[in-house]
Amino acid sequence: MKLPVTCYIAYNGVDDNVIPTIISLQQANVERIVLLNTSGDNRTPTHDCIATDNMYSSRTMKLIASDCQTPYALVYSRYTPLQINSHSVFRMLQVALDTQAGMTYSDYYQMRNGERLQHPVIDYQQGSLRDNFDFGSVILYSAVVLQNLYNNSLENTDYRYAGAYATRLSISQHLNITHISEYLYTEIEEDLRASGAKQFDYVDPRNREVQVEMELACTRHLQQVGALIPTDSLKPTPCDGEYTHEATIIIPVYNRVSTIKDALQSALNQKTDFTYNVIVVDNHSTDGTTEAIDEYANDPRLVHIIPQETDLGIGGCWQRAIDDMRCGRYAVQLDSDDVYNSDTTLQQIIDCFRQENCAMVIGSYDLTDINLKPLSDNIIDHREWSDENGRNNALRINGLGAPRAFATTILRQIGIPNVSYGEDYALGLRITRNYRIGRIYTSLYHCRRWEGNSDAALPIERINKNDYYKDQLRTIELQARIAANKTSK
């Protein structure tokens, strides 16, 4: 007996790619196979075929919803050959039925340079709002759910890029999105770049149109679930209190002997119309970093802290710095392997605080190698931010930008998570709930990319852990915003 599933396969006009996938699905004994032809070629393949624009548009999702005559639709979104067996399709179907899922996805294998590697993915949660959530390339949809969505709430949507994203956001409002922690298929991975090279793709100016659509879809979702916060609810920033300095540059560091002096020099070279100091929180370095910092001990602006605690992450080091009575009115970030690109960077940041009465300022930066040679012509400026909707769009994107600076009074009130990944994003989400964020779109520092970066080439397990944590931060913030909106009514 055939499985009650219609399979929709990405097709770009290259038969050699799609034929192995068709054979694999035929052997899985599915009821029907349909090609989604995105090539623009009018040739009619031998199999059922539907012409569409791309695999992620509203048009494609509507076509699947209207075409599917079986209870479930399985969508394969890559153009490379897929390997999936009959048990795997049956297993996805079985779990979808048992959990009444609107969407079902699984762990999978990747073929990379001829080697089959495990690629686990993570559970979906309420705060999994980022548009690049990794579901893998095979998703099983309830056809009835798709049909209901595109006959009702999504009927008038016309996203070229955000159709699949809007679909899963709508499904998540009322139905399960189920993850099967089993390796059910094998796909071919063609993007072999390391994690550090991929993380800036979404801020590439060439992807601007995509980002605009994704923001529209996410904003619509936030409004529907009661989490959208209007700009007119912003509170004034409390910056009062007695401070010995107007600003403090904070540098957490652990074992960065090759870069810490450059960072310190750029921090101490700042020219300002106010007093500032530099707090270095040296997290028990063992490679000579401590001695390198001590070379600057004669500069009265330098505060060198070695915490008593031995369990501090980057966030814990920051907390140690802002709790110090020598911390200034504004706390300004500088990573221990980066350098400010001008002696006016600190002045520009504090001027933004003064002019915009904001609780946080986020700048822009350029990418260089360890020798400060430019790696790209693009500035990482996070233009997806807007004063009108940035605080809501912050729940979709995976970071807000850098360098970051904060009103110290605010940081002392809300506290900083003691982690070494995502602590800055947690602060950004929490602050945008109530306060204004100022943006500077000119480059303020050189972000040096090298093998010592903590995110240069992460294994999939570490990427998943990081992504799950940020999704959890979004879940917490989403729930807090929903509760705040209910209270304000």
Side-chain angles (χ1 to χ4, degrees), residues 132 190-212 249-272 278 280 289 292 314 332-352 360-385 390 397-405 420-422 424-425 428 437-458 463 466:
N132 65 343
E190 295 180 305
D191 186 351
L192 303 179
R193 293 177 298 163
S195 59
K198 296 178 182 179
Q199 64 176 319
F200 301 109
D201 287 355
Y202 75 101
V203 294
D204 189 321
R206 293 171 294 183
N207 296 329
R208 177 63 183 153
E209 187 179 354
V210 177
Q211 293 302 311
V212 169
I249 297 172
I250 296 176
I251 307 176
V253 62
Y254 173 73
N255 284 358
R256 286 288 186 267
V257 67
S258 62
T259 61
I260 185 60
K261 288 203 251 185
D262 292 342
L264 276 173
Q265 199 64 55
S266 76
L268 294 170
N269 282 347
Q270 296 299 299
K271 297 177 181 178
T272 64
V278 178
V280 181
T289 295
I314 293 174
V332 183
Q333 169 245 345
L334 179 60
D335 289 341
S336 58
D337 49 5
D338 298 330
V339 295
Y340 293 138
N341 61 14
S342 165
D343 59 10
T344 65
T345 292
L346 185 57
Q347 183 70 55
Q348 293 178 64
I349 292 171
I350 303 308
D351 285 347
C352 187
M360 181 177 180
V361 170
I362 304 174
S364 305
Y365 57 94
D366 53 84
L367 298 174
T368 74
D369 65 14
I370 189 65
N371 298 313
L372 300 180
K373 180 181 178 181
L375 296 177
S376 170
D377 293 332
N378 295 329
I379 293 174
I380 309 300
D381 57 12
H382 287 265
R383 290 279 177 176
E384 73 280 354
W385 178 271
I397 58 179
N398 227 21
L400 296 178
R404 297 163 290 272
S420 291
Y421 176 85
D424 49 347
Y425 184 61
I437 285 185
R439 304 297 303 226
I440 299 174
Y441 291 113
T442 55
S443 177
L444 297 181
Y445 82 112
H446 301 305
C447 178
R448 300 204 283 195
R449 310 302 298 172
W450 60 301
E451 64 276 5
N453 289 134
S454 57
D455 57 359
L458 299 178
I463 293 172
N466 289 347

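Heavy atoms only: backbone and side chains are in, while hydrogens, waters and symmetry mates are out. FYI, the numbering just counts along the sequence from 1.
When the salt bridge (Lys or Arg N to Asp or Glu O under 4.0 Å) test is applied to Arg404, the partners found at least two apart in sequence or on another chain are Asp424. Residues satisfying the ring-ring contact (aromatic ring centres under 6.0 Å, His included) criterion with Tyr340, sequence neighbours excluded, are absent altogether. A search for salt bridge (Lys or Arg N to Asp or Glu O under 4.0 Å) contacts involving Asp343 returns Lys271, not counting sequence neighbours.
Separating the CZ atom in Arg256 from the OG1 atom in Thr289 is a distance of 8.5 Å, to the nearest 0.5 Å. Note: Ile379 CD1 to Tyr441 OH = 12.5 Å, rounded to the nearest 0.5 Å. Atom CG of residue Asn378 and atom OG of residue Ser364 lie 12.0 Å apart, to the nearest 0.5 angstrom. A distance of 10.5 Å separates CG of Asn269 from CG of Leu264, quoted to the nearest 0.5 Å. Asn207 CG to Glu384 CD: the interatomic distance, rounded to the nearest 0.5 Å, is 11.0 Å.
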- Output, in order, the C-alpha distance, side-chain angles, deciding distance and verdict of side-chain contact (heavy atoms from CB on, under 4.5 Å) for Arg383 and Gln211. CA-CA 10 Å; Arg383 290 279 177 176; Gln211 293 302 311; over 6 Å; no
- Does the side-chain contact (heavy atoms from CB on, under 4.5 Å) test come out yes or no for Thr345 and Gln270, once each step is laid out? CA-CA 7 Å; Thr345 292; Gln270 296 299 299; 3.6 Å; yes
- Task: Give the intermediate values and the outcome of side-chain contact (heavy atoms from CB on, under 4.5 Å) for residues Thr272 and Ile350.
- Result: CA-CA 9 Å; Thr272 64; Ile350 303 308; over 6 Å; no
- Task: Kindly determine whether Thr259 and Ile370 satisfy side-chain contact (heavy atoms from CB on, under 4.5 Å), including the steps that lead there.
- Result: CA-CA 9 Å; Thr259 61; Ile370 189 65; 3.7 Å; yes
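Arg448 pairs with exactly one of Asp366, Asp262, Asp369, Asp335 by the salt bridge (charged side-chain N to carboxylate O under 4.0 Å, His left out) rule, that one being Asp262. Here the options are Asp338, Asn341, Leu367, the test is side chain to side chain contact (heavy atoms under 4.5 Å, CB included), and the partner is His446; only Asn341 passes.
A heavy-atom distance below 4.5 Å is found between the side chains of Cys447 and Tyr445. Counting heavy atoms from C-beta outward, Leu444 and Gln348 have side chains that approach closer than 4.5 Å.
Between Ile349 and Ile440, the closest heavy-atom pair is CA-CD1, 4.0 Å. Taking both residues in full, the closest heavy atoms of Ile260 and Ala292 are given as CG2-CB, 3.9 Å, listed atom of the first, atom of the second, then distance. Closest approach of Asp381 and Arg439 over heavy atoms only: O-NH2, 3.8 Å. For the pair Tyr421 and Asn466, the tightest heavy-atom approach, listed with the atom from each and the gap, is CE2-CB, 3.2 Å. Of all heavy-atom pairs between Leu400 and Gly428, the closest is CD1-CA, 3.5 Å. When all heavy atoms of Ile249 and Leu334 are compared, the pair lying nearest together is CG2-CB, 4.0 Å.
With Tyr365 contributing its side chain and Gly401 its backbone, the two residues share no donor-acceptor pair below 3.5 Å. Using a distance-only test at 3.5 Å, with no hydrogens or angles considered, no donor-acceptor pair links the side chain of Ser336 to the main chain of Ile251. Thr368 places no side-chain N or O within donor-acceptor distance of the main-chain N or O of Pro374, the cut-off being under 3.5 Å.
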